[in-house]
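First the structure, in the form of structure tokens, and then the observations on it.
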Amino acid sequence: MYAFNPHDYLEQLVPLLLELEKVEQISAKGLAQLVKRHAKPNGNVFSKDEIVRGYRELAGTHGIAPFVQSFLKKVTMKPTRTQSGVSPVTVLTKPFPCPGQCIFCPNDVRMPKSYLADEPGAQRAERNWFDPYLQTYNRLQALHNIGHLVDKTEVIVLGGTWSFYPESYQIWFIKECFRALNDFGTHDGRDKIFQWYEDMAEELKKKDILRTNSPKQNQKSLAELQIDGEAITKTYNRIISEQYTAPEKLGGFDSYQVASWEELEAEQKKNETAAVRCVGLVIETRPDNISEAEVVRVRRLGCTKTQIGVQSLQDSVLNLNKRGHDVAATRKAFKLLRQAGFKIHAHWMANLYGSSVEADKIDYEQLFSDPDFCPDELKIYPCSLIGSAELMQVYKAGKWKPYTQTELAEVLSHVFKVTPQYARLTRVIRDIPSQDIVEGNMLTNFRQIVEQSLEEQKIIPQDIRSREIKDGIFDPKDIEFKVSEYQTQVSTEYFLQYLVPAEKVAYPHRTSKKIPGTEKILGFLRLSIPKEQSFISELKESTMIREIHVYGTVVALGKDGTSKAQHLGLGKKLIVRAEKISQDAGYKKMAVISGIGTKEYYRKRGFTDGELYQFKAVSAK
Ligand code: SF4
């Protein structure tokens, strides 16, 4: 583990920190020059991580001011990472067979299905043996080291089809994520876990089983098994079963990677009041894996949001791409997830085999015009041609080709144009390393290109992400309230927002002081008024708060602050407004799908704990 000790560099670090303290702001270039002036004795410069560690260690000594957050902001590497108000911690499950046969999906046997070994997040996971504790702890450490607050985190579990992993593995995986959050800052269990994996790998090596004790080499040898010259000789599922799952069994991984519901619940309980709380937990799965029982089970794990692969709303396209489920399955999944109060994060694909630019535009519109769908968030994945995917054969046969950049821009512009205010376009392009793409778009900044083109056409995107306040400064007297309503198959949805007109928001820390748009969003609440009874008995006769989000750079839990969005009591005001709407609709109680780490917040606002949800009595009219 990395052992940088600031006390070994006092002679260089103290003057560097004192100089940095004097300036109000510093550009990247200015910071680079400063660290060069105060280089280490061997000529190497301090990394930002080391500067932050040094400051944390030395603040209050050597004439350096006691710890102040504004100091950290000057050196924080990626300030936008936490501007949504919550620090995301993404973790990957281990490689495992997937029930899907989708022709566009990469078959990289070093990774869980659909991920590629040279994606940065995937590399992090691999270095950590795909272990949830190691991944979570190390991610928190990395965010903390570059100056971010991590007291409110959203844990995003990616990889393959979650619902297809054994239940015992799922419970263990989530329990270990919670354990890492609970340990962070008080106890470091990483060395013990690393040691366990290395010892097991050593054992397997002795028995002449594939694995070495280096995750990198293990992964490399797995990849070599699959490719013979240019030809892919074995399917992903077969390699994973033979070379990963079977050796893991021999090594005792499956008896290590197991936990009971009681063990999970104990870690969840601790997290309710921990210093690092899980305010949201996300898993990704397929529509045909969603059933009433699955929804309840996922909720019991502590999930608040589900990423779900929609990909297309045309059965013919789903069939051609061997998705293995139809649109009816997607309709049913949306219905069950919404009835259980989940936030629905849909994955939709452009440029699939069997589709076209015009067909894509119509398909995307249907996501919002058809009340069976109406997702809350979206990741748009234009289909990329990856060497290991079955789509290569279709491409070689001349039956499919990737869109040109102009065609892709046309579809994505349309996506921005028709996405309503209540939905968030989290991503419009997948950041696939260009060396993995055989042909097609390799620009990962395509979002900016499309946004610029929309600006030139004077089209203002309305989706949530385009309107987020980010680091904007505003006067609280300019805040406006807006409520909009839309229908889904099982509910009337209310989308409540606090906004500030765009012309009233300033961005003093940016080169461009104004950001285009008509309004900036400070916070919102999603309220569902059901049209029929939910299959979850405790939700009967109740409305449902599916999400509350207040923007602003992350602030410490429980601290009073300045004019940033999180300090204005907007969350509380949104709850009051939701209660009034529930009351007007004739309901006597309101539920919330709370994250484990937000339970205390809701208790303080009059909610009491149910079995899977929290409830607030709605006063009679
Ligand atoms: S279900 Fe998802 S992970 Fe599985 S093959 Fe299809 S796209 Fe890939």
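Remember, it's 1-based here, ligands and their atoms both numbered in the order they're listed.
- Under 2.8 Å from atom 8 (Fe) of ligand 1, one finds the following protein N/O/S atoms: Cys105 SG.
- When each of Phe368, Trp348, Phe334 is checked for a ring-ring contact (aromatic ring centres under 6.0 Å, His included) with Phe373, only Phe334 meets the rule.
- Contact analysis puts Arg323 in contact with ligand 1, with a non-hydrogen atom separation below 4.0 angstrom.
- Partners of Phe104 under the ring pair (Phe, Tyr, Trp, His ring centres under 6.0 Å) rule, at least two apart in sequence or in another chain, do not exist in this structure.
- What sits closest to atom 1 (S) of ligand 1 on the protein, heavy atoms only, is Arg286 NH1, 3.3 Å.
- Ring geometry for Tyr165 versus Phe96: interplanar angle under 30°, hence parallel rather than tilted (30 to 60°).
- Ring-plane geometry between Phe524 and His549 is classed as parallel, the angle between the planes falling under 30 degrees on a 0 to 90 degree scale with a further cut at 60.
- Classification of the Trp172-Tyr169 ring pair by plane angle, with boundaries at 30° and 60°, yields tilted.
- Using cut-offs of 30° and 60° on the angle between ring planes, the pair Trp196 and Tyr256 is parallel.
- Between Glu493 and the options Arg546, Arg526, Lys343, a salt bridge (Lys or Arg N to Asp or Glu O under 4.0 Å) holds for only Arg546.
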